[in-house]
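Everything quoted here is computed from the prediction, not taken from an experiment.
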Amino acid sequence: MSPQPQMIQCYEAIRAALKQRGGESSHEDGQDPSLAPSGDTMGTAPLTQADSQPSPVSPQVSQSPSESRSHSQSDTQSQDPTTPSGTPTFDEASLQSLSAQQLMNELVSPYPSETLAIIAKRLRILLASTQSLEACVQSTIDSGKLPDIVPLLACTDCIELQYEVCWIFTNIASGTSSQTQAVVEAGACPNLVKLLQSPVTKLCEQAAWCLGNISGDGCELRDMLLEFNVLETLLSLIAVGPSMIVANLAWVVSNFYRFVSPTRLPFEKIEMGIDPLCTCLEKFGNNGETAENCLWALCYIAESEESLHDRLLTRCTDYILQHSSVLPAVRMLGFLLSEYPDATQHFADAGALPVVARHLNATKGPTREAAAKSLAGICQHGSDEVITSLMLLEVGSDPVPRFMVSRLGAEGRRLAESYVLKALENLFQKSIEQPIQEIMSMPSLAPQLVRALSSRYSSGDEDVLIPLLNVIDHVLRHSRDQGLDIRIEFMNAGGSGLLEDYSEDPRYSFAHPQISFLLSEYDLVTC
């Protein structure tokens with residue numbers, strides 16, 4: 001039986017690619033098959049490039065579809081009882097014992113497309129399930145055959161072949177930077193971009209996975225993909241669907257906006273993302289993963305382009321508050337409140353103050369940090385009325401001011417404590433009466449300040465120590481002005497001795513002038 005015309009085209013494309021690389025390769029019988037695991041893991045999601053987001057925390061990824069046809073040996077034999085002259089005989093059962101390099105050799109042999117799809121599926125499963133994943137991926141690259149299987153991405157006569165080969169490239173691109181680079185150097189990107197526009201949903205999604213892994217590797221590969229208009233294509237797709245793959249598409253978009261160093265996207269590329277991402281939130285925001293990935297992208301846009309803050313406030317406030325349980329929304333809120341003075345009154349009017357208070361005691365450290373940044377921004381830029389409104393709220397069973405003091409010196413994230421200290425400093429500088437009275441009436445105030453001094457002694461952290469010394473100055477000054485005895489409590493708790501230790505330690509030379517002032521101004525020198 002002769003192959004169909006489309007199959008012949010596929011053979012010719014493969015043979016042409018092989019000739020360009022120096023001739024057709026044969027099966028390597030001597031390869032060690034020990035890497036091949038047993039069983040089929042079709043439901044395993046493609047591997048993705050690891051995310052340390054945001055930076056931020058990396059967005060969660062969904063499982064890829066598992067619609068691939070199941071082919072048995074008898075099915076293959078009935079479809080292809082005879083082979084064209086010179087075509088190797090195919091034995092599906094033998095695939096289970098082949099290594100990655102041997103499977104690559106099989107994959108560039110002139111089998112019919114349906115047979116190649118079975119081989120590609122076996123290689124994809126091997127890449128996804130092997131115990132020595134990185135070594136197996138590297139073995140696939142070292143075969144030298146990656147450029148030879150790129151034409152299979154364009155074999156439109158067999159969707160399953162396109163799908164499985166695309167998944168192979170996805171798993172390779174999820175590896176190390178050099179392995180991701182190998183996918184690019186093999187010339188896969190133009191065909192992946194074409195598949196991104198495929199009417200076949202699973203091909204579009206699998207191509208998006210692969211392009212997401214490539215763009216997530218860093219600025220260089222991301223910028224290379226811009227030459228293929230990948231970002232424009234993605235933004236047009238997330239605004240219209242299909243809904244089942246929008247979450248994945250939004251994750252890929254967020255990878256494009258994630259990196260600002262060493263190079264950042266051109267302004268027009270940054271600006272063009274706002275409207276499609278907001279449209280996606282409006283249409284598909286009821287899906288939690290879609291909403292989170294869109295908000296990550298918008299958060300990166302806010303952090304990379306100051307001139308867009310006003311527009312982001314107008315477009316994104318409702319989405320931030322609607323999805324305030326996820327980290328990117330809280331992080332975006334904190335960034336805008338701390339960096340954009342006009343945001344404070346805007347978010348207060350929109351009802352954001354309870355969101356800030358609630359997340360100050362969040363379980364996850366990055367969320368607490370983002371909420372503390374919001375707190376610092378409100379205390380810096382907010383009106384007395386807005387600040388007082390926030391301070392009247394409770395975190396757990398404590399008013400916000402008492403909770404702030406209780407967190408000083410506690411185990412946790414350094415940045416969160418520095419933001420809380422800056423918020424306290426701004427409260428005293430602005431002489432906001434209500435929270436200051438609440439703070440000064442705390443019996444544990446002096447011990448908490450000493451605990452904070454003690455807990456940071458070994459860190460040498462200027463971002464925490466300087467605002468902490470400023471807060472101590474404000475507390476002692478206010479205590480003296482009001483005739484309170486916090487100075488004695490501070491000394492009895494060991495505060496004077498700690499300040500003297502700091503003053504004699506060369507690691508803290510940046511703070512020595514301020515420490516000397518405190519010791520002399522409030523007569524804290526011990527005998």
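Thr317 places no side-chain N or O within 3.5 Å of a backbone atom of Thr314 that could act as its donor or acceptor partner. Using a distance-only test at 3.5 Å, with no hydrogens or angles considered, a donor-acceptor pair links the side chain of Ser143 to the main chain of Lys145. A distance-only check finds no donor-acceptor pair linking the side chain of Glu289 to the backbone of Ala247 [under 3.5 Å]. In terms of modelled atom types and a separation under 3.5 Å, the side chain of Arg368 and the main chain of Ala362 share a donor-acceptor contact.
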Using the rule given for side chain to side chain donor-acceptor pair (under 3.5 Å), can you reason through Ser243 versus Asn287, listing the C-alpha separation, both sets of side-chain angles and the distance that settles it, and then say yes or no? CA-CA 9 Å; Ser243 60; Asn287 179 288; over 6 Å; no
Applying side-chain contact (heavy atoms from CB on, under 4.5 Å), run through Leu277 and Val253 and close with a yes or a no. CA-CA 9 Å; Leu277 286 164; Val253 170; 4.1 Å; yes
Apply side-chain contact (heavy atoms from CB on, under 4.5 Å) to the pair Glu417 and Arg407, showing each step before the final yes or no. CA-CA 7 Å; Glu417 183 167 4; Arg407 297 304 302 165; over 6 Å; no
Between Glu305 and Ser307, is the side chain to side chain donor-acceptor pair (under 3.5 Å) condition met? List the steps. CA-CA 6 Å; Glu305 186 50 62; Ser307 65; 2.7 Å; yes
Evaluate the side chain to side chain donor-acceptor pair (under 3.5 Å) criterion for residues Ser113 and Asp157: first the C-alpha distance (whole Å), next the side-chain angles of each, then the deciding distance (0.1 Å), finally the verdict. CA-CA 8 Å; Ser113 297; Asp157 68 302; 2.8 Å; yes
Begin with the C-alpha distance, continue with both residues' side-chain angles, and end with the deciding distance and a verdict on side-chain contact (heavy atoms from CB on, under 4.5 Å) for Trp296 and Val326. CA-CA 10 Å; Trp296 272 121; Val326 297; over 6 Å; no
Intermediate values then yes/no, side-chain contact (heavy atoms from CB on, under 4.5 Å), Cys166 and Leu195: CA-CA 9 Å; Cys166 189; Leu195 288 181; 4.2 Å; yes
Start with the C-alpha gap between Asp217 and Ser177, add the side-chain angles, then the distance that decides, and say whether side chain to side chain donor-acceptor pair (under 3.5 Å) holds. CA-CA 6 Å; Asp217 188 70; Ser177 290; 2.9 Å; yes
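Residues Ile168 and Leu107 are in side-chain contact: their nearest non-hydrogen atoms beyond the backbone lie under 4.5 Å apart. Side-chain contact between Cys316 and Cys278: present, with at least one pair of heavy atoms (C-beta onward) separated by less than 4.5 Å. Within the 4.5 Å cutoff, the side chain of Phe228 has no heavy atoms near those of the Thr233 side chain. Using a 4.5 Å heavy-atom cutoff, the side chains of Leu153 and Gln162 are not in contact. Inter-residue side-chain proximity for Ile172 and Leu146 is flagged as met; some heavy-atom pair is nearer than 4.5 Å. Side-chain contact between Val252 and Ser215 is present, with at least one heavy-atom pair separated by less than 4.5 Å. Residues Leu226 and Phe256 have side chains in contact (heavy-atom distance under 4.5 Å, counting atoms from C-beta outward).
Residues Trp251 and Trp209 place their aromatic rings such that the two centres sit under 6.0 Å apart.
The aromatic rings of Phe335 and His309 sit perpendicular to each other, their planes meeting at more than 60°, with 30° as the lower class boundary.
Here the straight-line distance linking atom CZ of Phe259 with atom CG of Leu265 works out to 11.0 Å at 0.5 Å rounding. Rounding to the nearest 0.5 angstrom, the gap separating the CG atom in Leu116 from the CD1 atom in Ile149 is 10.5 Å. Between the OG1 atom in Thr140 and the CG atom in Leu126 there is a gap of 7.0 Å [rounded to 0.5 Å]. In this structure, Thr290 OG1 and Leu249 CG are separated by 9.0 Å, a value rounded to the nearest 0.5 Å. From Glu164, atom CD reaches atom CD of Glu160 across 6.5 Å, with rounding to the nearest 0.5 Å. Between the CD atom in Glu369 and the CG atom in Leu327 there is a gap of 9.0 Å [rounded to 0.5 Å].
Within the structure, side-chain hydrogen bond (donor to acceptor under 3.5 Å, both in side chains) pairs that include any residue of residues 189-201 do not occur (at least two apart or interchain).
For Glu220, there are no salt bridge (Lys or Arg N to Asp or Glu O under 4.0 Å) partners at least two apart in sequence or on another chain. Remark: Asp142 pairs with no residue by the salt bridge (Lys or Arg N to Asp or Glu O under 4.0 Å) rule, at least two apart or across chains.
Judged by distance alone, the side chains of Ser254 and Asn293 never bring a donor and an acceptor atom under 3.5 Å apart. Under 3.5 Å, the side chains of Gln206 and Thr170 contain a donor-acceptor pair of N or O atoms. A donor-acceptor contact under 3.5 angstrom links the side chains of Glu106 and Tyr111, judged on distance only. Donor-acceptor pairing under 3.5 Å is lacking for the side chains of Asn213 and Thr180.
Under a cut-off of 6.0 angstrom, the local environment of CD in Glu268 is crowded, with over 12 non-hydrogen atoms contributed by other residues, nucleotides or ligands. Under a cut-off of 6.0 angstrom, the local environment of CG in Asp275 is crowded, with over 12 non-hydrogen atoms contributed by other residues, nucleotides or ligands.
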